[in-house]
Amino acid sequence: MAEQNVTRYRIGYALEPKKVQSFIQYSLIIHAKNRGIDLVPIDLSKPLIDQGPFHCIIHKLYGPEWREQLEEFSSRNPDVIIVDPLDFIDRLHNRISMLQVVNELKICQQTEILFGIPKQVFVENPASFYECIETEGLEFPVIAKPLVANGSANSHQMALVFNKEGLKGLNPPIILQEFVNHGGVIYKVYVAGEHVKFVKRKSLPDISEETLGTSENLLSFSQISNLTAQDQSDERVARLIEEAKMPPLRFLTEVANGLKSALKLHLFNFDVIRDSRVGNRYLVIDINYFPGYAKLPSYETILTDFFLDIVQRKQRVNSDDHLSA
Ligand SMILES: O=P(O)(O)O[C@@H]1[C@@H](OP(=O)(O)O)[C@H](OP(=O)(O)O)[C@H](O)[C@H](OP(=O)(O)O)[C@H]1OP(=O)(O)O
Ligand SMILES: Nc1ncnc2c1ncn2[C@@H]1O[C@H](COP(=O)(O)OP(=O)(O)O)[C@@H](O)[C@H]1O
Ligand SMILES: [Mg+2]
Ligand SMILES: [Mg+2]
């Protein structure tokens with residue numbers, strides 16, 4: 001049989017070994033290959049400029065050295081698409097700037113939906129803890145979150161603070177965010193360019209007035225929602241998640257598209273909770289760059305569609321430029 005002359009595209013990936021293991025699965029490599037995409041590992045021990053050729057580079061690495069490598073590579077190869085530029089990703093590494101963008105969104109959905117972020121305040125100095133809480137009008141319980149969200153274990157280390165006494169156990173600088181009861185279920189919205197997927201996950205359980213009066217002062221936790229459906233063996237939790245009604249998908253899609261344009265990013269997800277007291281009030285509490293897509297059903301198709309969108313769009317732009325020159 002004659003070999004077909006199909007264009008192949010090379011996508012370079014620069015990821016930590018742990019991320020390679022979870023994201024670059026054999027099923028993704030094969031699915032992408034069958035549709036003309038070659039996923040090519042970038043060797044982190046060699047200069048990036050000596051590697052390639054690539055049509056596009058995807059990455060999730062931090063630090064000044066990687067920034068320098070990308071800058072040099074881009075200046076020599078301006079046609080290679082970088083998904084995504086570090087200057088845009090930076091905004092997600094700070095839990096204040098990450099959520100500011102949500103407040104700036106213009107969501108023109110049905111008026112009955114309320115949308116925003118929980119009240120929060122950044123505290124620099126232990127002496128000003130209580131003053132900050134009062135000034136911002138935060139009520140207990142609150143969640144203490146690290147300011148940075150840079151992928152380190154520390155950046156996921158949180159604490160529930162039940163009362164004024166609990167504040168003494170915290171080490172500022174830190175963010176205090178109002179804990180909002182939301183029925184123990186979180187909605188995660190995954191974005192890969194034009195593609196948007198929604199899943200439900202386990203979250204922190206509601207805190208009743210009763211618990212608040214009798215609980216300890218401070219409770220530390222980490223990565224509570226980072227369990228896949230199979231891990232959620234507790235039947236009660238599994239039922240809770242199954243029975244939770246998804247927010248209107250048109251609304252979530254509008255938020256996803258608004259965030260995509262405002263952040264200028266292609267690969268991210270965000271966590272949404274529904275305020276149990278109000279019901280139609282949705283709050284974004286977290287946005288993550290290049291999250292765990294492999295946990296989505298059919299992630300191979302979603303990501304391959306995304307890669308093709310990116311490289312083919314670029315090719316169309318190039319040929320239009322060529323024609324109009
Ligand atoms: O490892 P996974 O698959 O659980 O993905 C993590 C994400 O889980 P999610 O897809 O939202 O359930 C996780 O999301 P959350 O912060 O848990 O909401 C982060 O994106 C995490 O990256 P980092 O540690 O913040 O750099 C992601 O970790 P990396 O895979 O990027 O190390
Ligand atoms: N304001 C909040 N009200 C209620 N629960 C919250 C709030 N913020 C975070 N949580 C819970 O804590 C978990 C971790 O917080 P998150 O900001 O998403 O940090 P991470 O980046 O580690 O995922 C969430 O998945 C959710 O279960
Ligand atoms: Mg989260
Ligand atoms: Mg996060």
Side-chain angles (χ1 to χ4, degrees), residues 13-25 27-28 44 58-63 66 83-84 86 88-102 117-118 120 143-160 174-175 177 179-180 182 184-192 195-205 220-232 237 241 252 255-256 259 263 265-274 282-300 302-303 306:
Y13 60 86
L15 303 168
E16 297 283 1
K18 182 180 139 273
K19 188 75 173 173
V20 172
Q21 218 181 6
S22 66
F23 180 72
I24 308 289
Q25 293 185 10
S27 57
L28 176 66
L44 301 179
I58 57 168
H59 66 108
K60 183 171 181 176
L61 293 177
Y62 309 95
W66 177 242
V83 172
D84 283 293
L86 277 171
F88 300 147
I89 299 174
D90 279 349
R91 192 172 190 168
L92 299 188
H93 290 165
N94 173 306
R95 291 186 190 271
I96 295 282
S97 58
M98 158 205 295
L99 294 188
Q100 257 159 5
V101 68
V102 177
I117 62 171
Q120 61 175 3
I143 295 197
K145 302 187 180 187
L147 179 64
V148 288
N150 62 359
S152 63
N154 273 349
S155 72
H156 293 290
Q157 193 55 57
M158 321 245 148
L160 272 175
I174 212 157
I175 291 175
Q177 191 179 84
F179 178 89
V180 178
H182 54 281
V185 177
I186 198 165
Y187 305 98
K188 279 189 171 267
V189 182
Y190 287 78
V191 178
H195 310 272
V196 183
K197 292 284 161 206
F198 320 90
V199 294
K200 295 184 270 187
R201 292 267 177 79
K202 173 195 166 88
S203 186
L204 291 178
S220 296
F221 70 96
S222 179
Q223 296 200 287
I224 182 84
S225 67
N226 222 349
L227 296 169
T228 57
Q230 293 81 26
D231 294 330
Q232 289 161 351
V237 174
I241 295 173
L252 288 185
V255 176
L259 284 177
L263 294 166
L265 293 175
H266 292 88
L267 295 176
F268 66 95
N269 77 355
F270 56 99
D271 298 345
V272 178
I273 55 174
R274 182 193 343 240
Y282 296 96
L283 303 168
V284 175
I285 55 166
D286 186 25
I287 310 178
N288 305 294
Y289 188 65
F290 204 150
Y293 290 102
K295 285 183 243 159
L296 293 176
S298 308
Y299 94 104
E300 299 87 348
I302 301 165
L303 269 297
F306 165 68

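Counting starts at 1 for both ligands and their atoms, in listed order.
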> Would you name the N/O/S atom of D271 that lies closest to the Mg ion (ligand 3)?
OD2
> I need the contact type for Y190 against ligand 1. Using non-hydrogen atoms and a strict under-4.0 Å cut-off, is it side chain, backbone, both or neither?
side chain
> Just to be sure I read this right, does ligand 1 sit under 4.0 Å from the backbone of N150, its side chain, both, or neither, counting only heavy atoms?
neither
> Strictly under 6.0 Å, is that where the ring centroids of Y13 and F23 end up?
no
> Would you indicate whether K197, at its atom NZ, is surrounded by more than 12 heavy atoms from other residues, nucleotides or ligands within a distance under 6.0 Å?
no
> Report, in ascending order of atom number, the atoms of ligand 1 lying under 4.0 Å from any heavy atom of Y62.
26 (O)
> Does H156 have a heavy atom less than 4.0 Å from any atom of ligand 1?
yes
> Please confirm whether G292 comes within less than 3.5 Å of ligand 1 when only nitrogen or oxygen atoms on both sides are compared.
yes
> Specify side chain, backbone, both or neither for F270, according to which of its non-hydrogen atoms lie closer than 4.0 Å to ligand 1.
neither
> Report the part of K188 in contact with ligand 1, treating N, CA, C, O as backbone and CB onward as side chain, heavy atoms under 4.0 Å; options are side chain, backbone, both, neither.
side chain
> Distance alone, cut at 3.5 Å: any donor-acceptor contact between the side chains of H266 and D84?
yes
> Within N288, is some N, O or S atom less than 2.8 Å away from the Mg ion (ligand 4)?
yes
> By atom name, which N, O or S atom belonging to D286 lies closest to the Mg ion (ligand 4)?
OD2
> Given K295, H93, K60, Q21, identify the one with the heavy atom nearest to atom 9 (P) of ligand 1.
K295
